[in-house]
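Please read all numbers here as calculations on a predicted model, not as lab measurements.
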Amino acid sequence: MDEAEYALDFFRNGGFSRRTCPACGHAFWTTGSHERCQEAPCTPYGFLGHPATSRPYRPAEMREAFLAFFEARGHTRIRRYPVVARWRNDVFFTQASIYDFQPWVTEGILPPPANPLTISQPCLRFLDLDEVGRSGRHFTEFEMMAHHAFNRPDHPVYFKERCVELAHEFLTGTLGLAAPGLTYKEEEWEGGGNLGPSLSVGVAGLEVATLVFMEYLRDGERLRPMPLTVVDTGYGLERLTWLSQGTHTAYEAVFGAPYEELRRTFPPREASILIDHARALNFLLVDGVVPSNSKEGYFSRLLIRRALRTLSTVPDAPELGAILDRVGREVARDFPEVGEHRDDLRAVLDAEIERYRETIVRSREQIRRAEARRTAEGGRPGVEDLVTWYDSLGVTPEVAVAELAAPIPIPEDFYAQVARRHEAEAGAPEAKETAAPGPEIPASVPPTEVRYYLDPYTLDFEAHVVHSTGNEVVLDRTYFYPTGGGQITDTGEIGGTRVVDVVRRGPWVVHALEGPSPFRVAERVRGRIDAGRRTQLMQHHTATHLLNGALRSVLGPHVWQAGAHKAVDAARIDITHFRALRPEEVRRVERLVNRLVREDRPVKSYFEKRNEAERRFGFTLYQGGAVPGKELRIVEIEGFDVEACGGTHCTHTSEVGLVTILGTERIQDGVVRLTYAAGERALDVLEERAHLLEAAARSLAVPPGQLLEGIDRLKAEVEGARQRERAGEKRGSADRAGSLLADPSSVTDAGGVRIVHARLDADRAGLMELSRQLTREPGRVALLAAESEGRGLLFVGSSAPRVPADGVLAVAREAFRGRGGGNPSAATAVGEPGEPLARALADARAEALRRAAGPA
RNA sequence: GGGCACGUAGAUCAGCGGAAGAUCGCUGCUUUCGCAAAGCAGAGGCCGGGGGUUCAAAUCCCCCCGUGUCCA
């Protein structure tokens, strides 16, 4: 990055000089006399015991000081976003404040909620999980305070000069840090294909802020300027708080009383882990991250289990739920939503703790058995067993070793070995299927005016063509709904030509026609939307919101929408929930939804300023994911459910008609899918089911009301028939065995062994059963031959140790080129039928006789 | 989303290419005033589902389904 990028007037006119840190090699700016940058490890902590600010700040005070400072300088204060980044598919969690605005705002697709803005965003990072409680400054959940500005060429806000000026004023003016103590270190920043210069601010060994200026797009080796440049800043709330208090560790400064309380029971490291995890879990659970074994849910589980293991290090430890509540109440002072629904949060936690207990019990059993097996084999469990147990049972090596009768040492690099085993699987992530971008539309084409938002009932309209290429048409305005928000596209026709797909592309709604577009720009055309399809989609969409509200009401507010799909035949919604739905719960949800339908509540769709909407409804608005933009489209079912949603909706719940839940399934741990139908389609489905029932009843010749009894009877009959058949076969072979034994021509006694040989008509199973009958008593040998499917079968059974079946077979099978084998009590071979088979049977008899008569 | 482990009698599991087993529970008998217990006898299995390999598959291979777990 060019040196000139950092040569700010603010530095040059403010008495700053540029030096190079001999320790890290980075250039930095300062008004002080430091040789080195003021960040660890180049400079050790200098504030411990000597707070660097003019007064100590508690976290809430620090946050307020920051937000108020920037508010007073033209920034709009923005509410926090959820810690789980549902609006992005490349990451699970909000790891920095800028994540809130990626990718739509930073790519210029949608306007920011305010500009410039200031925010204090709770973030989650799991990379340094092991450092928590060890380093004294790492947190799983931390707050990134920030001020952001988004500069469009036609609307510049501010960039480097003003940004650094503001940062410097806040740090020295408001917080009272000594200006000469600050260093602004030059660091290139790159991420997500963007890059630009950045300055990291160091004070007394602590990096307290980073100021990033997103300016370029990486295009192979070349850099291109971004159409939209972004000021992306991050100030560590915890670090600044720590700096202002100068306590031994950051945890003492940040957590205060609850931390002190834990310290009475736990050593510093354990207390830190517990309080850190408890705070992170409060945010995770409140934002709807139900513990599970995949995706973001796994991190909830990870923290809960780590916390439980930490608790188990001391006797009489408090309950995790109690710690979570204590910390949650503290967090709720600043984030009231964390204080709500404590009971629900507790229910989720308790379910997870119970699962963990079960897992432990199961694992212990498995480990004990595995050790017994290893011992029986003459060995003992090894490191590879420990790795397998950790991987597949979730048992840490410490726990596993404690379970072993003969403990083995745990290698130092245990987790490295685990990682190594996982390395092989790190294949390239499958390329996400992104809709083909289609031909580019010139920027001169005016944006489409979308009319379906406010008027979902107009299905016949006139508009002007503003763009037309290939089979694509863009109109100046449209009522066609493009695929999005889980609702599939409208179909219909434009000027008599079928519309098969509609998509949103940037500011335009693009209609894809069945064939090449016959339209010219400026032509006036008539659009007609398929009414039946649209009505059904609207009913399904409104039904989805009704269900979402009902599910939250019946199951608890931990329920968040994890995905949805509204098609014509049926719709489905995926929700976060910690176990499969019970029939009773499904029934209650269905009843509640249909009651709301009957109540005919108004469904209002309107646009509202984002901040106002968030203030009124909270961030459960974002069921379908966070939506950027200054204005949100709100869909409100009066007194029941409010969501930010772009779909087409009925205006009254009664229009939904009827909602019937067709089924539920647990599509993965922590996520339940409900499939349902509404309106006309619901009636279709119910009708189909009624028909099915009737047909089934007719087929069984019982009245529908007795269908179950009929099925039970049928099952009993089938089972009885099977039993009788089996018994019959058994009896048949017993009879056959009896007659064979009674037939002198097939029985030979030799050396106390009774040899029965026979050629009969049976399949392999039949021979086996007969042999079993013949060799029930000791000292018997059965030699049975049969032809089945053109092959010759020879079966040897033996209860005489002197005449091993496999030995006899080995000799006999040559005669009919048989292939097969067995064990001393039973052996079978398949070979040629006819004469060779007969010879094989004779050979078997001769061999059996020889062995029976031979030396005992 | 990927890796790994696991799905066998009502329950907990063993068996891991050659005739489906153990323990508990269940039924009956013996013993007891009765209970508990013990002994004897017995019932109970599409070895998760579907393909394949093999003379032969619970067992090996592939694909599903389900459960658990580790990692992103």
Can you measure A:F126 atom CZ to B:rC70 atom P for me and round it to whole angstrom units?
14 Å

Nearest-nucleotide comparison on RNA chain B, the residue closer to the 5′ end among A:T388 and A:R772
A:T388

Can you check the A:Q366 CD to B:rA5 C1' distance for me, whole Å?
8 Å

Using OP1 and OP2 only, check whether a side-chain N or O of A:R305 sits under 4.0 Å from B:rU69.
yes

Euclidean distance for P, B:rG48 against B:rA9 (whole angstrom):
8 Å

d(CG, A:D385; P, B:rA5) in whole Å:
12 Å

Closest to side chain of A:R666, choosing from B:rC70, B:rA14, B:rU67:
B:rU67

From the options B:rG3, B:rA72, B:rA19, select the nucleotide whose nearest atom is closest to the side chain of A:S771.
B:rA19

Determine whether A:V808 and A:D843 satisfy the following criterion, side chain to side chain contact (heavy atoms under 4.5 Å, CB included), listing intermediate values before the conclusion.
CA-CA 9 Å; A:V808 173; A:D843 287 357; over 6 Å; no

Taking pairing as Watson-Crick or G-U wobble with both contacts under 3.5 Å, can you name the mate of B:rU59, or confirm there isn't one?
none

Under the ring pair (Phe, Tyr, Trp, His ring centres under 6.0 Å) criterion, do A:F93 and A:Y99 qualify, and how do the steps go?
CA-CA 9 Å; A:F93 300 108; A:Y99 278 41; over 10 Å; no

Would you kindly give the CZ-to-P distance between A:F578 and B:rU67, to the nearest whole Å?
16 Å

Show each protein N/O and nucleotides 50-56 of chain B N/O combination with a separation under 3.5 Å, one pair to a line.
from   : atom 1 : to     : atom 2 : distance (Å)
B:rC55 : OP1    : A:R819 : NE     : 3.4
B:rC55 : OP1    : A:R819 : NH1    : 2.1
B:rC55 : OP1    : A:R819 : NH2    : 2.9
B:rC55 : O2'    : A:R764 : NH2    : 2.6
B:rC55 : N1     : A:R819 : O      : 3.4

Spacing of A:E365 atom CD relative to B:rC6 atom C1', expressed in whole Å
15 Å

B:rA22: pairing nucleotide in any strand, Watson-Crick or G-U under 3.5 angstrom:
B:rU12

Counting the atoms with a prime plus P, OP1 and OP2 as sugar-phosphate, which does A:L302 contact under 4.0 Å by heavy atoms, base, sugar-phosphate, or nothing?
sugar-phosphate

Provide the distance between the two P atoms, one in B:rC46 and one in B:rU8, to the nearest whole Å.
11 Å

Pairwise P distance, B:rG2 and B:rA43 [rounded to whole Å]
47 Å

Just grab all the salt bridge (Lys or Arg N to Asp or Glu O under 4.0 Å) pairs involving residues 664-673 of chain A, residues at least two apart or on different chains.
A:R301-A:D669, A:R355-A:D669, A:D574-A:R673, A:R666-A:D669

Got a sec: does the CZ of A:R364 have more than 12 other heavy atoms crowding it under 6.0 Å?
no

Scan every strand shown for a Watson-Crick or G-U wobble partner of B:rU67, both distances under 3.5 Å, and answer none if you come up empty.
B:rA5

Report the relative orientation of the aromatic rings in A:Y81 and A:Y622; use parallel for angles under 30°, tilted for 30 to 60°, perpendicular for over 60°.
parallel

Using a 4.0 Å heavy-atom cut-off, does A:R301 contact any base of the nucleic acid, only the sugar-phosphate backbone, or nothing at all?
sugar-phosphate

In whole Å, measure the gap between the P atoms of B:rG10 and B:rG45 for me.
7 Å

Between A:E358 and A:R362, is there a side-chain N and carboxylate O pair less than 4.0 Å apart?
no

Walk me through whether A:E270 and A:T310 qualify under side-chain hydrogen bond (donor to acceptor under 3.5 Å, both in side chains).
CA-CA 6 Å; A:E270 280 68 24; A:T310 306; over 6 Å; no

From the options B:rG68, B:rA19, B:rG3, select the nucleotide whose nearest atom is closest to the side chain of A:T359.
B:rG68

Using only atom types and a distance under 3.5 Å, with no angle test, would you say the side chain of A:E769 pairs donor to acceptor with the backbone of A:A734?
no

Expressed in angstrom and rounded to an integer, what is the separation of A:D763 atom CG from B:rA19 atom P?
17 Å

Think A:R355 has a side-chain N or O under 4.0 angstrom from the OP1 or OP2 of B:rG68?
yes

Using the P atom as the point on both nucleotides, what is the distance between B:rG39 and B:rA56, in whole Å?
44 Å

Which residue, A:D669 or A:E769, contacts RNA chain B at a nucleotide closer to its 5' end, judged by nearest heavy atom?
A:E769

Single hit among A:D128, A:L127, A:L129 for side-chain contact (heavy atoms from CB on, under 4.5 Å) with A:E131
A:D128

At under 4.0 Å between heavy atoms, what does A:R362 touch on the DNA or RNA strands: base, sugar-phosphate, or nothing?
sugar-phosphate

Looking only at atom P, what distance separates B:rC47 and B:rA20, rounded to whole Å?
11 Å

Out of B:rG1, B:rG3, B:rG68, minimum distance to the side chain of A:Q668 belongs to B:rG1

Between A:E787 (side chain only) and A:G834 (backbone N and O only), is there a donor and an acceptor less than 3.5 Å apart?
yes

Gap in Å between the two P atoms, one belonging to B:rG17 and one to B:rC26, rounded
36 Å

Name every residue in residues 285-297 of chain A that has at least one heavy atom under 4.0 Å from any atom of RNA chain B, in order of residue number, or write none if there are no such residues.
A:N293, A:S294, A:K295

Which nucleotide, if any, forms a Watson-Crick or G-U wobble pair with B:rG39, using both distances under 3.5 Å?
B:rC29

How are the rings of A:F299 and A:F126 set to each other: parallel, tilted or perpendicular (split at 30° and 60°)?
tilted

What interatomic distance, in whole Å, is found between C1' of B:rG68 and the corresponding atom of B:rC29?
44 Å

Using atom CG of A:L386 as one end and atom C1' of B:rA5 as the other, report the distance to the nearest whole Å.
15 Å

Salt bridge check: are A:E141 and A:R125 linked by an N-O gap of less than 4.0 Å?
no

